[in-house]
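Notes follow the structure.
Because the structure is a prediction, the values reported are computed rather than measured.
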Amino acid sequence: MAKLDPKTFGNFYRVLTGVVVPRPIAFVSTISPDGVNNLAPYSFFNAVASSPPTIVFSSSRRAGSKSKDTLDNVEATGEFVVNIVSDDIAEAMNRTAAEFPANVSEFEVAGLTPGASDIVRAPRVAESPVNMECRLQQVVNLGEGDHQHGLVIGEVVLLHIRDDIIDGHRVNHHLLKPTGRLAGSMYCHTADVFEMVRPIYQPDSAPAGTGEQR
Ligand SMILES: Cc1cc2nc3c(=O)[nH]c(=O)nc-3n(C[C@H](O)[C@H](O)[C@H](O)COP(=O)(O)O)c2cc1C
């Protein structure tokens with residue numbers, strides 16, 4: 001087994017993001033204090049608590065000479081929307097990832113439609129099957145110098161989901177078609193699924209049974 005020490009192995013980021021895969025993609029929409037809609041993908045992203053429903057994504061502070069508009073807008077307004085990237089909008093998502101200046105709306109660049117949110121000012125991506133309206137809880141600063149990141153912690157205050165995708169609490173992933181991010185410019189579809197029911201520990205009887213789990 002190779003052993004990689006992050007302190008001496010150059011560009012460790014590439015290996016880290018190559019092994020923590022597949023990552024979901026938060027397509028984050030915000031609005032600037034001047035009213036410019038912004039949209040960008042973030043794959044340092046996950047759901048991390050259930051009550052209150054909490055998501056996180058992490059943005060580097062800078063992209064070359066400019067700061068990231070998403071993080072600037074989140075810190076200025078305290079609000080954002082996380083839109084789920086499905087295979088149907090994956091190419092449009094990729095078009096928004098260039099470092100456009102703050103006065104450019106990536107909705108127009110990508111040909112996506114800003115829809116009104118119910119609670120926050122930031123717009124939703126109308127073409128996305130799921131939109132989560134979020135309020136900023138906290139930004140945790142990570143790293144130093146050129147490697148500073150803002151870990152955005154947000155509470156989901158309203159979730160929009162396309163009717164055909166949800167039945168009660170059950171989400172149909174064949175219809176959702178979420179896109180996964182692998183390393184660099186590689187992505188995956190998530191259609192190849194299998195079921196494995198989690199066992200329940202029963203101290204007085206062996207072997208362990210199975211059942212519905214959270
Ligand atoms: C699929 C994908 C995932 C990305 N994930 C991140 C991420 O987690 N953190 C980050 O800082 N940049 C990430 N980026 C780069 C940003 O999307 C890019 O810097 C973008 O221009 C930022 O836009 P903004 O300045 O409008 O926020 C990602 C790019 C792609 C294509």
Side-chain angles (χ1 to χ4, degrees), residues 13 23-48 52-86 88-162 179 181 185:
Y13 159 86
R23 292 186 303 288
I25 305 169
F27 205 11
V28 183
S29 42
T30 53
I31 187 166
S32 74
D34 299 339
V36 180
N37 289 337
N38 195 83
L39 188 57
Y42 286 84
S43 60
F44 279 155
F45 162 56
N46 223 308
V48 293
T54 306
I55 59 93
V56 296
F57 74 91
S58 172
S59 172
S60 56
R61 283 260 161 220
R62 303 204 68 76
S65 59
K66 73 182 277 289
S67 60
K68 297 227 183 181
D69 301 327
T70 301
L71 192 51
D72 289 346
N73 293 345
V74 167
E75 290 183 315
T77 65
E79 298 178 339
F80 57 98
V81 178
V82 170
N83 307 276
I84 294 299
V85 175
S86 61
D88 301 330
I89 59 168
E91 283 182 17
M93 172 279 293
N94 195 39
R95 285 199 288 277
T96 69
E99 309 296 346
F100 296 104
N103 60 355
V104 170
S105 170
E106 290 86 353
F107 277 94
E108 285 170 28
V109 172
L112 293 169
T113 317
S117 294
D118 287 30
I119 297 177
V120 303
R121 270 192 76 218
R124 302 185 289 127
V125 175
E127 290 81 358
S128 172
V130 179
N131 324 102
M132 292 181 277
E133 298 189 31
C134 298
R135 280 223 181 87
L136 176 65
Q137 291 292 325
Q138 195 183 343
V139 176
V140 176
N141 289 311
L142 303 170
E144 288 173 353
D146 291 345
H147 303 289
Q148 283 184 48
H149 275 69
L151 176 70
V152 175
I153 305 176
E155 177 178 344
V156 178
V157 292
L158 191 67
L159 187 148
H160 305 247
I161 183 163
R162 224 173 58 209
T179 307
R181 184 170 192 206
S185 53

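- Pairing each heavy atom of H149 with each of S58, the nearest pair is CD2-OG, 3.2 Å.
- Looking only at side-chain heavy atoms (C-beta outward), Y13 and H147 stay at 4.5 Å or farther from each other.
- The neighbour count for E91 CD, taken as heavy atoms of other residues, nucleotides or ligands under 6.0 Å away, does not exceed 12.
- Proximity of N83 to M93: side-chain heavy atoms (C-beta onward) are nowhere separated by under 4.5 Å.
- Residues I55 and C134 form a side-chain contact, since some pair of their non-hydrogen atoms from C-beta on lies under 4.5 Å apart.
- Scanning all heavy atoms of the two residues, the minimum distance from G150 to R61 falls at CA-NH2, 4.2 Å.
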Check residues 110-129 and write down every donor-acceptor pair under 3.5 Å in which the side-chain atom is one partner and the other belongs to a residue at least two apart or another chain.
unit_1	atom_1	unit_2	atom_2	d
T113	OG1	E127	OE2	2.5
S117	OG	A122	O	2.6
R124	NE	A116	O	3.1
R124	NH1	N131	OD1	2.8
R124	NH1	H160	ND1	3.4
E127	OE1	T113	N	3.0
E127	OE2	T113	N	3.2
S128	OG	I84	N	3.2
S128	OG	I84	O	2.7
S128	OG	V130	O	3.0

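- Contact annotation: the side chain of V82 never approaches that of S29 to less than 4.5 Å [non-hydrogen atoms, C-beta and beyond].
- Annotation: side chain of L136 is in contact with side chain of V152 (closest heavy-atom distance under 4.5 Å).
- Rounding to the nearest 0.5 Å places CD1 of I31 at 8.5 Å from OG1 of T77.
- Considering only heavy atoms from C-beta on, T30 stays 4.5 Å or farther from E79 through its side chain.
- Put simply, OG1 on T70 and CZ on F80 are 10.5 Å apart, with the number rounded to the nearest 0.5 Å.
- Among all heavy-atom pairs drawn from G143 and Q148, the shortest one is O-CG, 3.6 Å.
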So F45 and V28, side-chain contact (heavy atoms from CB on, under 4.5 Å) or not? Walk me through it. CA-CA 10 Å; F45 162 56; V28 183; over 6 Å; no
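- Put simply, the side chain of Y42 does not reach to within 4.5 Å of the side chain of L71, judged on heavy atoms.
- To the nearest 0.5 angstrom, N38 atom CG is 8.5 Å from T96 atom OG1.
- The CD1 atom of I161 lies 9.5 Å from the CE atom of M132; values are rounded to the nearest 0.5 Å.
- Contact detail for R62 and S67: the closest heavy-atom pair is NH2-N, 3.8 Å.
- Applying the side chain to side chain donor-acceptor pair (under 3.5 Å) test between E155 and each of Q138, Q137, R135 identifies Q137 as the sole match.
- Atom CD of E108 has 12 or fewer neighbouring heavy atoms from other residues, nucleotides or ligands inside a 6.0 Å radius.
- In this structure, the separation between CG on D69 and CG on L39 is 11.0 Å, given to the nearest 0.5 Å.
- Here the shortest heavy-atom pairing between A102 and V36 reads O-CG1, 3.5 Å.
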